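Just so we're clear, the structure is a prediction, and the values are computed from it rather than from any experiment.
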Amino acid sequence: MNPVLTFELENGKNIVVELLPDNAPNAVNSILSVAMRGGMDNHKIQRIVPGKWIDLSYSAFNRAENQYLIPKEYDLHPEIEPLDSHPGCACLGGYGDRGLASCEIFFPVKDCPEHKGVYPVIGKVVEGMDEIYRLEKVATKPVPFPYEGVEVNEPLTPEIITKVTVQLNGYEPQEPVKMPGDWKPRTWKA
């Protein structure tokens with residue numbers, strides 16, 4: 001069985017994701033590394049784009065230890081055929097040619113063929129799609145953002161991830177491969 005992440009929300013609901021290390025091994029190792037350190041706990045969901053996706057964080061969960069980039073998954077593993085991004089998937093976001101974010105997980109609420117091979121599918125939602133669809137519909141306000149053309153809305157009433165728990169189920173995570181250099185996006189202000 002694959003490792004599982006459970007996002008426990010302040011409202012008592014859970015979003016449970018079965019991770020897919022065979023599809024995105026480095027990205028899965030990175031997200032596990034962050035989650036096992038508690039690096040996503042007690043965090044407000046930062047970005048909701050109705051009709052597109054729920055982005056749990058664009059700041060690497062506001063923690064300096066999470067603020068690193070990893071190589072694009074399919075540059076590291078060209079032998080892996082990328083999966084399609086659609087509702088029910090958990091994906092890892094990134095910053096173009098600079099690489100993927102260590103832990104910026106998002107949930108598409110529409111089919112996103114443009115993500116294939118760019119933002120890897122790191123897991124599948126096994127519980128909590130109703131909560132993802134509820135989050136898509138909460139009242140939001142636009143947020144000024146340092147990158148043009150990026151729509152960012154945050155919930156008017158904070159939606160809090162209180163804890164992320166990990167069940168490894170026999171999987172042995174490895175230290176993720178990280179990008180060299182110290183470039184960080186302007187949204188990382190830990």
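- Between L5 and I31, some side-chain heavy-atom pair lies under the 4.5 Å cut-off.
- The hydrophobic cluster containing V166 also contains F7, counting ILVMFWY residues as joined when their side-chain heavy atoms lie under 4.5 angstrom apart, directly or transitively.
- P25 places a side-chain heavy atom less than 4.5 Å from the side chain of H77.
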Original post:
Where do I15 and E127 land on the side-chain contact (heavy atoms from CB on, under 4.5 Å) test, with the steps shown first?
Top reply: CA-CA 6 Å; I15 299 171; E127 179 186 322; over 6 Å; no
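- N29 and Y171 share a side-chain donor-acceptor pair at under 3.5 Å.
- Considering every non-hydrogen atom in both A60 and Q67, the closest pair reads CB-CG, 3.6 Å.
- One hydrophobic cluster holds both I54 and V125 under the rule that ILVMFWY side chains link at heavy-atom gaps under 4.5 Å.
- Closest non-hydrogen pair, S59 versus Q46, comes out as OG-OE1, 3.0 Å.
- With rounding to the nearest 0.5 angstrom, the CD atom of Q174 is 11.5 Å from the OG atom of S33.
- By the rule that hydrophobic residues join a cluster once side-chain heavy atoms approach within less than 4.5 Å of another member, Y74 and L100 end up as members of separate clusters.
- Rounding to the nearest 0.5 Å gives a distance of 8.5 Å between CG of N153 and CZ of R47.
- Surrounding CD of E79 are more than 12 heavy atoms belonging to other residues, nucleotides or ligands, all under 6.0 Å away.
- Closest approach of I48 and P155 over heavy atoms only: CD1-CG, 3.7 Å.
- Side-chain atoms of E104 and Y95 include a donor-acceptor pair closer than 3.5 Å.
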Original post:
Does the side-chain contact (heavy atoms from CB on, under 4.5 Å) test come out yes or no for L135 and K137, once each step is laid out?
Top reply: CA-CA 5 Å; L135 287 167; K137 293 174 178 51; over 6 Å; no
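- H115 meets the ring-ring contact (aromatic ring centres under 6.0 Å, His included) test with W53, F106, Y119; sequence neighbours excluded.
- The shortest side-chain heavy-atom distance between C103 and S57 does not fall under the 4.5 Å cut-off.
- Summarising the geometry, atom NZ belonging to K52 is positioned 6.0 Å from atom CD belonging to E151; distances are rounded to the nearest 0.5 Å.
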**OP:** Apply salt bridge (Lys or Arg N to Asp or Glu O under 4.0 Å) to the pair E10 and K13, showing each step before the final yes or no.
**Re:** CA-CA 7 Å; E10 188 176 59; K13 303 287 185 172; over 6 Å; no
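- Sparse packing is recorded around CD of E172, with 12 or fewer heavy atoms of other residues, nucleotides or ligands lying under 6.0 Å away.
- With salt bridges taken as basic N to acidic carboxylate O contacts below 4.0 Å, one links E18 and K124.
- Residues S102 and L92 fail the side-chain proximity criterion, which asks for heavy atoms closer than 4.5 Å.
- With a 4.5 Å cut-off on side-chain heavy atoms, P173 and L168 count as touching.
- Residues W188 and W183 share a hydrophobic cluster, clusters being chains of Ile/Leu/Val/Met/Phe/Trp/Tyr side chains in contact below 4.5 Å.
- Clustering ILVMFWY residues whenever any of their side-chain heavy atoms sit less than 4.5 angstrom apart, transitively, puts Y68 in a cluster other than the one holding V177.
- Looking only at distances, no side-chain donor or acceptor of R98 sits under 3.5 Å from a matching main-chain atom of P185.
- For the pair L20/V121, a side-chain contact is recorded, criterion being any heavy-atom separation below 4.5 Å from C-beta on.
- Between the side chains of N11 and E131, a donor-acceptor pair is found at a separation under 3.5 Å.
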**OP:** Check the pair L19 / V4 against side-chain contact (heavy atoms from CB on, under 4.5 Å), numbers first and verdict last.
**Re:** CA-CA 6 Å; L19 296 175; V4 173; over 6 Å; no
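- M40 approaches A35 most closely through the heavy-atom pair CE-CB, 3.4 Å.
- The salt bridge (Lys or Arg N to Asp or Glu O under 4.0 Å) check on E81 picks up K116, with sequence neighbours excluded.
- Across every non-hydrogen atom of P87 and D111, the tightest pair is CD-OD1, 3.5 Å.
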**OP:** Using the side-chain contact (heavy atoms from CB on, under 4.5 Å) rule, take N2 and N169 through it: C-alpha gap first, then chi angles, then the decisive distance, then the call.
**Re:** CA-CA 6 Å; N2 288 326; N169 297 321; over 6 Å; no
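- Side-chain N or O atoms of N14 include none that pairs as donor or acceptor with a backbone N or O of T6 at under 3.5 Å.
- Sorted by first then second residue, the side-chain hydrogen bond (donor to acceptor under 3.5 Å, both in side chains) pairs that include residues 159-168, not counting sequence neighbours, are R134-E159.
- Here the closest heavy-atom approach between residue F107 and residue C89 is recorded as CD2-O, 3.6 Å.
- Taking a cutoff of 4.0 Å between a charged side-chain nitrogen and a carboxylate oxygen, K72 and D97 qualify as a salt bridge.
- For the pair L56/I161, a side-chain contact is recorded, criterion being any heavy-atom separation below 4.5 Å from C-beta on.
- Side chain of D41 to main chain of V164: a donor-acceptor pair is present (N/O by atom type, distance under 3.5 Å, no hydrogens or angles).
- Defined by atom type and a distance below 3.5 Å, a donor-acceptor pair is missing between the side-chain atoms of Y147 and T187.
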**OP:** For the pair K44 and E154, evaluate salt bridge (Lys or Arg N to Asp or Glu O under 4.0 Å) and give the outcome as yes or no after the intermediate values.
**Re:** CA-CA 9 Å; K44 293 189 297 188; E154 71 179 14; 5.6 Å; no
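- Side-chain contact between V49 and D55 is absent, with no heavy atoms from C-beta onward closer than 4.5 Å.
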